[in-house]
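Remember, it's a predicted structure, so these values are computed and weren't measured experimentally. Just the heavy atoms: all of them, side chains too, but no hydrogens, waters or symmetry mates, feed the values below.
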Amino acid sequence: MSDRRRIMPLRDVKDHPKRKVNLIAVVVEFSIPRMSVGTDYCTILKVIDQSQQNPELSVNVFMDDVHQLPHIRSRRDIIVLSCVRIERHNQDPCAVFNKSFSSYALFDGKCSSAFRPYQASPAFCLIASDKPFITSLKNWSLTFQLDPGISPYVVSLNHIKEKDYHDLVCKVLGVCEVSSNEWVLFLWDGTDVPPLSFNTKLEEHYSIQLQISVPLPTNAISNFPCVGTVLRVIADPAYGNLGYHFHSIGEWVRIRNVLFEVDSGLWKGVLSGTSKVRLLSENDNSVIERKRNLTERLLRSGRVPMSSYHVSNFLTVLTVTDYESTKFSTLMDLLTFSKDKGIFKCIVRVVAIYPLQVKDFWSPAGLYRIRVTLEDPTARIHALLCGEDAELFFGGYPSISVLAAKMNKLLGVSENDDSTRNPPWIQCCVELHLANEAGALGARHYHIRFTILVL
DNA sequence: TTGGGG
């Protein structure tokens, strides 16, 4: 075995088509490992070095065992690529890792002295002459400002559009197998997804879902932020065990090519075959901007939905004077509240009611007994509107036609368009009771209280 | 072979 390996600077790669070369580079982006349409699993890396940061070089890695594909742990990690073949795609060179003659090793980019790879392909062998290359690349990358990739596709969650592909600069709150081979990613950028209208023909409002996929137990969401939407992103089954492939929990990333869809009047992200990840620093400008925007928003407006700032679609529902000075809470504040009783003032939309017919609002004893589904950008909950609380809310016992008109206003039913409805924002008081053991799913009960509907 | 930003 030779004790030297000729390492090619990335700027020279373009001049060596069809050649097999050795590279040492910093990984700045990776696609999530997944099955290819051929026989192998695949991940695509973007790498840079001192000689070339733009364009980044694509490295396409194929392996027959998904566990043997490189799994990037941290920003600035170093990859040694031995005997990769240079090909051309369109006008751009790329390196292709062939499992029959290529090998690789991944090194922590932060630790300056260790030469032990945290992952390597079976045939990889570190050669003494690699070490100074690795050291100088680590030293260089610590001083180099990595490019987060400014692009018109980057949006924050308050600007997403249905059926569009967007990039998000966001924090990865978690990844969870919600059912057998169904994985969900939880993403947050501190902004609120836009409120949606409901298609009354497709969505029977009494059967409305409370969330995309399954409910999570309180202990799973207890560390989620209470302001800003936690977007649920469904992974394509081709990704297999997403928890194994995704190492960025709690970190800021730029995640590219997320598809946005609407399901049951809720926003849903889809991790498609072309989604890619760039790990970002807490000090990255795009991360600092998002944190600053959230701080300024909370100082300016408190815990209210971003889209309720402009009150064109806001019903004046007054809470009784006792709670006028109470600060607003989000529904996620309620879902994660740990004491067994509390009263909150929220800005929400009534997205569904049960019973469906106003004539069924009373029990046989003549008492109001209604379940409403409340929504804000952070969550949906069922809340009860019963007895004296409902009398206060509706102003006693109005006629069925008056009550029906009030409910139509509350649900956003339009007088001249029965195909869509767009519930207005209202403010209301919600009392929370934890029925028994704290945090148990379904043990929380919510009642609308101290709220008067003024119409 | 696969894969390759919109």
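- Near-neighbour residues of DNA chain B inside residues 59-71 of chain A, defined by a heavy atom below 4.0 Å, number-ordered: Asn60(A), Phe62(A).
- Residue Leu45(A) contributes atom CG, which lies 19 Å from atom P of dT2(B) at whole-angstrom precision.
- As rounded to whole Å, 13 Å separates atom P of dG3(B) from atom OH of Tyr41(A).
- The listed nucleotides are dG3(B), dG6(B), dG4(B); the one nearest the side chain of Cys94(A) is dG4(B).
- With respect to the salt-bridge test (charged N to carboxylate O, under 4.0 angstrom), the residues Glu29(A) and Lys276(A) do not qualify.
- Lys99(A) comes within 4.0 angstrom of a nucleotide base, judged by non-hydrogen atoms across all strands.
- Looking at which nucleotide of DNA chain B each of Thr39(A) and Ile44(A) is closest to, the 5′-most match is held by Thr39(A).
- Atom CG in Leu259(A) sits about 15 Å away from atom P in dG6(B), given to the nearest Å.
- For the salt bridge (charged side-chain N to carboxylate O under 4.0 Å, His left out) condition, the pairs that include at least one residue of residues 30-44 of chain A, sequence neighbours left out, are Asp40(A)-Lys99(A).
- Atoms CD (Glu56(A)) and P (dG4(B)) sit 16 Å apart, rounded to a whole Å.
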N/O donor to acceptor pairs below 3.5 angstrom from side-chain atoms of residues 233-241 of chain A, sequence neighbours left out:
| residue | atom | partner | partner atom | Å |
| --- | --- | --- | --- | --- |
| Asp236(A) | OD1 | Ala238(A) | N | 2.8 |
| Tyr239(A) | OH | Ser272(A) | O | 2.4 |
| Asn241(A) | OD1 | Gly243(A) | N | 3.1 |
| Asn241(A) | OD1 | Tyr244(A) | N | 3.0 |

Could you list the donor-acceptor pairs under 3.5 angstrom formed by side chains in residues 60-70 of chain A, with sequence neighbours left out?
| residue | atom | partner | partner atom | Å |
| --- | --- | --- | --- | --- |
| Asp65(A) | OD1 | His67(A) | N | 2.9 |
| Asp65(A) | OD1 | His67(A) | ND1 | 3.1 |

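- Sorted by first and then second residue, the pairs that involve residues 120-130 of chain A and meet side-chain hydrogen bond (donor to acceptor under 3.5 Å, both in side chains), not counting sequence neighbours, are Arg5(A)-Asp130(A).
- In this structure, Arg300(A) places its CZ atom where more than 12 heavy-atom neighbours from other residues, nucleotides or ligands lie under 6.0 Å away.
- In this structure, the CZ atom of Arg34(A) is 13 Å from the P atom of dT2(B), given to the nearest Å.
- Close to dT2(B), at under 4.0 Å from its OP1 or OP2, lies no side-chain N or O of Arg85(A).
- The side chain to side chain contact (heavy atoms under 4.5 Å, CB included) search around Val413(A) returns Asn408(A), Leu411(A), Arg421(A), not counting sequence neighbours.
- Taking atom CZ on Arg254(A) and atom C1' on dG6(B), their separation rounds to 11 Å, with Å as the unit.
- The side chain of Asp167(A) approaches dG6(B) more closely than any other nucleotide in the set dG4(B), dG6(B), dT2(B).
- Sorted by first and then second residue, the salt bridge (charged side-chain N to carboxylate O under 4.0 Å, His left out) pairs involving residues 170-198 of chain A (not counting sequence neighbours) are Asp192(A)-Arg297(A).
- Residues from residues 156-164 of chain A lying near DNA chain B, meaning a heavy-atom separation below 4.0 Å, are absent.
- Residue pairs meeting the side-chain hydrogen bond (donor to acceptor under 3.5 Å, both in side chains) criterion with at least one partner in residues 86-97 of chain A, sequence neighbours excluded, do not occur; the list is empty.
- Nearest nucleotide to the Asp40(A) side chain, out of dG6(B), dG4(B), dT2(B): dT2(B).
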